[in-house]
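A quick write-up on the structure given underneath.
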Amino acid sequence: MSDHQQAFDLIARGSDEILKREELQARLAASMKSGERPLRIKAGFDPTAPDLHIGHTVLLNKMRQFQELGHQVIFLIGDFTGMIGDPTGKKATRPQLTREQVLANAETYKRQVFKVLDREATVLRYNGEWLTPLGAEEIIRLAGKWTLARMMERDDFRTRFREQQPISLHELLYPLVQAKDSVEMAKIPELGCDVELGGHDQIFNLLVGRDLMKEEALEPQVCLTVPLLVGLDGHEKMSKSLGNAIAVEDSPKEIYGKTLSIPDSLMWDWLLLLTDLPKSEIDAKRTAVASGALHPKLVKQELARRLVADFHGEAAATEAEAEFERVF
């Protein structure tokens with residue numbers, strides 16, 4: 001197997017959609033040629049809450065995999081888009097935050113993100129750098145590039161409209177403003193990206209970015225999405241507001257105990273999306289549990305140890321497990 005195929009297989013592991021796969025394969029292959037620059041990988045995070053949870057780390061882990069292959073990651077803080085509020089998946093309009101609230105939340109992101117990413121291989125930027133100066137005229141011109149019919153292709157907008165739930169006009173701007181990130185960054189030599197990452201619910205927004213880049217005669221980015229992590233309840237996506245999350249800065253005891261509490265059916269996706277355990281080993285464990293040869297608690301304990309070790313180190317993981325065994 002070629003080196004670039006191995007690289008592609010690593011990146012494809014646990015991914016949801018890659019648009020387009022052949023473009024990513026070609027770019028990975030080209031980046032390995034002598035004298036070629038590493039790929040630039042972008043992911044945007046709106047700081048709408050003060051803490052990251054391990055659901056966010058599914059995307060961060062994918063970014064880290066690119067770093068391990070020698071590529072550069074751009075962690076884009078949505079200080080501008082965070083004030084709009086991404087309507088993706090929402091059944092009601094998000095409360096709008098002030099710039100001060102968004103920037104305060106961003107400070108916690110900057111502290112927590114390097115628990116996963118390599119600081120030296122990460123570029124950190126704010127999208128307010130190019131979006132704030134746009135002004136009303138440019139925003140109106142940007143809105144003229146898309147139609148209401150196209151915007152209503154989004155499932156969440158269509159559902160809310162059908163159920164007679166309000167849709168604020170500023171929400172319709174969000175996909176266009178996110179797409180504008182890609183256009184403006186492509187005009188900055190050191191920020192022009194090859195791949196944009198997002199959760200699978202972001203695919204509409206990412207594809208708007210590809211369309212706008214083509215319209216501007218820019219080479220469109222590859223879009224790669226990852227699944228949304230299901231939370232502790234085993235049903236809803238992980239969310240602090242739903243109380244089904246593990247925060248990145250939770251204590252070792254909390255991370256270990258909360259992980260042991262998840263339904264057995266959930267641990268297989270968590271192993272795939274939150275650890276670097278080879279998929280073949282995950283599949284073997286799943287088969288062993290199904291046959292009765294392996295107790296599911298042992299698998300869940302391994303998962304809990306790995307998560308604690310990722311955020312607090314091996315010694316903390318050993319101590320958390322020992323304390324859990326003493327208490328329970």
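If you're wondering where the values come from, they're calculated on a predicted model, not measured in any experiment. Below, each value reflects all heavy atoms present in this structure, side chains not excepted, and no hydrogens, waters or symmetry copies.
In this structure a side-chain-to-backbone donor-acceptor pair under 3.5 Å is present from Thr98 to Gln101. Side-chain N or O atoms of Arg210 include one that pairs as donor or acceptor with a backbone N or O of Gln221 at under 3.5 Å. A donor-acceptor contact shorter than 3.5 Å is absent between the side chain of Ser15 and the backbone of Glu17. Formation of a donor-acceptor pair under 3.5 Å by the Arg99 side chain with backbone atoms of Met83 is not found in this model. A donor-acceptor pair under 3.5 Å is absent between the side-chain atoms of Asp51 and the main chain of Thr108, judged by distance alone. Without hydrogens or angle criteria, Asn61 side chain to Thr57 main chain gives a donor-acceptor distance under 3.5 Å. Without hydrogens or angle criteria, Asp269 side chain to Leu266 main chain gives no donor-acceptor distance under 3.5 Å. Side-chain atoms of Ser168 do not come within 3.5 Å of backbone N or O of His170 as any donor-acceptor pair. Arg119 places no side-chain N or O within 3.5 Å of a backbone atom of Val113 that could act as its donor or acceptor partner. Looking at Asp79, its side chain never comes within 3.5 Å of a backbone N or O of Leu103 through a donor-acceptor pair.
Between Glu216 and Lys187, some side-chain heavy-atom pair lies under the 4.5 Å cut-off. Contact annotation: the side chain of Pro227 approaches that of Leu273 to within less than 4.5 Å [non-hydrogen atoms, C-beta and beyond]. Proximity of Phe204 to Met151: side-chain heavy atoms (C-beta onward) are separated by under 4.5 Å at one or more points. Contact of the Leu69 side chain with the Ile11 side chain is registered, since non-hydrogen atoms from C-beta on lie closer than 4.5 Å. Residues Gln178 and Glu196 have side chains in contact (heavy-atom distance under 4.5 Å, counting atoms from C-beta outward). For the pair Leu134/Lys180, a side-chain contact is recorded, criterion being any heavy-atom separation below 4.5 Å from C-beta on. The shortest distance between side-chain heavy atoms of Thr48 and Asn105 does not fall below 4.5 Å. Asp181 is not listed as a side-chain neighbour of Phe80, based on a closest heavy-atom distance of 4.5 Å or more.
Across every non-hydrogen atom of His71 and Ser31, the tightest pair is CE1-OG, 3.3 Å. Residues Met213 and Glu219 share a closest heavy-atom pair of CE-O, 3.3 Å. Nearest approach of Leu173 to Ala143, heavy atoms of both residues: CD2-CB, 4.0 Å. For the pair Arg64 and Val116, the tightest heavy-atom approach, listed with the atom from each and the gap, is CD-O, 3.3 Å. The two residues Ala106 and Tyr126 have their closest heavy-atom pair at CB-CE2, 4.2 Å. Closest of all the heavy-atom pairs between Leu260 and Ala304 is CD2-CB, 3.5 Å.
Between Asp155 and Arg158 there is a salt bridge, since at least one side-chain N of the basic residue sits less than 4.0 Å from a carboxylate O of the acidic one. For the pair Asp264 and Lys297, the salt-bridge criterion is not met [side-chain N within less than 4.0 Å of a carboxylate O]. A salt bridge links Lys237 to Asp201: at least one charged side-chain nitrogen sits closer than 4.0 Å to a carboxylate oxygen. A salt bridge is defined here as a Lys NZ or Arg NE, NH1 or NH2 lying under 4.0 Å from an Asp or Glu carboxylate O, and Glu107 with Lys110 meets this definition. At a threshold of 4.0 Å, the pair Arg160-Asp156 does not count as salt-bridged, since none of the basic side-chain nitrogens sits closer than that to a carboxylate oxygen. Salt-bridge annotation for Arg305 and Glu302: absent, with no side-chain N of the basic residue lying under 4.0 Å from a carboxylate O of the acidic one. With respect to Glu249 and Arg111, a salt bridge is recorded, a charged nitrogen being found less than 4.0 Å from a carboxylate O.
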For Tyr109 and Asp46, what are the C-alpha separation, side-chain angles and deciding distance, and is it a side-chain hydrogen bond (donor to acceptor under 3.5 Å, both in side chains)?
CA-CA 10 Å; Tyr109 280 29; Asp46 285 348; over 6 Å; no
One pair to check against side-chain contact (heavy atoms from CB on, under 4.5 Å): Gln112 and His56. What are the steps and the verdict?
CA-CA 11 Å; Gln112 296 168 38; His56 295 115; over 6 Å; no
Take Asp233 and Leu242 through the test side-chain contact (heavy atoms from CB on, under 4.5 Å) and record every step on the way to the result.
CA-CA 9 Å; Asp233 56 7; Leu242 294 177; 5.6 Å; no
Start with the C-alpha gap between Lys33 and Glu36, add the side-chain angles, then the distance that decides, and say whether salt bridge (charged side-chain N to carboxylate O under 4.0 Å, His left out) holds.
CA-CA 6 Å; Lys33 294 179 181 177; Glu36 293 296 318; over 6 Å; no
Evaluate the criterion side-chain contact (heavy atoms from CB on, under 4.5 Å) for residue pair Phe311 and Asp250; output intermediate values, then yes/no.
CA-CA 9 Å; Phe311 300 116; Asp250 273 351; over 6 Å; no
Give the C-alpha distance, both sets of side-chain angles, the deciding distance and a yes or no for salt bridge (charged side-chain N to carboxylate O under 4.0 Å, His left out) between Arg13 and Asp276.
CA-CA 10 Å; Arg13 178 190 188 271; Asp276 57 3; over 6 Å; no
Full working for side-chain contact (heavy atoms from CB on, under 4.5 Å) between Phe66 and Leu117
CA-CA 10 Å; Phe66 275 105; Leu117 298 181; over 6 Å; no
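Applying the 6.0 Å contact sphere to NE2 of His235 captures no more than 12 heavy atoms from other residues, nucleotides or ligands. Counting non-hydrogen atoms of neighbouring residues, nucleotides and ligands closer than 6.0 angstrom, the CD atom of Glu137 reaches no more than 12 such neighbours.
Counting only N and O atoms by type, the side chains of Gln65 and Lys62 include a donor and acceptor under 3.5 Å apart. Under the 3.5 Å distance criterion, with hydrogens and angles disregarded, a donor-acceptor pair is assigned to the side chains of Lys42 and Ser182. Of the N and O atoms on the side chains of Glu325 and Gln301, at least one donor lies less than 3.5 Å from an acceptor on the other residue. Checking Gln202 against Asn205 by side-chain atom types alone, a donor-acceptor pair falls below 3.5 Å.
Hydrophobic clustering, with ILVMFWY side chains joined whenever heavy atoms are under 4.5 angstrom apart, keeps Met63 apart from Leu206. Under the 4.5 Å side-chain heavy-atom criterion for Ile, Leu, Val, Met, Phe, Trp and Tyr, Leu10 and Leu39 are members of the same hydrophobic cluster. Cluster membership check: Val248 does not share its hydrophobic cluster with Leu228, using side-chain heavy-atom separations under 4.5 Å among Ile, Leu, Val, Met, Phe, Trp and Tyr. Cluster membership for Leu59 and Leu76, using ILVMFWY side-chain heavy atoms within less than 4.5 angstrom, is not shared. When the side chains of ILVMFWY residues are joined at heavy-atom separations under 4.5 Å, either directly or via intervening members, Ile203 and Leu176 end up in two distinct hydrophobic clusters.
Distance OH/Tyr256 to CD/Glu321: 3.5 Å, rounded to 0.5 Å. Considering OG1 of Thr287 and CG of Leu294, their distance stands at 10.5 Å, rounded to 0.5 Å. A distance of 12.0 Å separates CD in Glu129 from CD1 in Ile77, rounded to the nearest 0.5 Å. Within the model, atoms OG of Ser261 and CG of Leu232 stand 5.0 Å from one another, a figure rounded to the nearest 0.5 Å. Here Asn127 contributes atom CG and Phe45 contributes atom CZ; the two are 13.0 Å apart, rounded to the nearest 0.5 Å. Between the CZ atom in Arg21 and the CZ atom in Phe8 there is a gap of 4.0 Å [rounded to 0.5 Å].
Paired with Leu19 under the rule side chain to side chain contact (heavy atoms under 4.5 Å, CB included), one option of Leu207, Val222, Leu224 passes, and it is Leu207.
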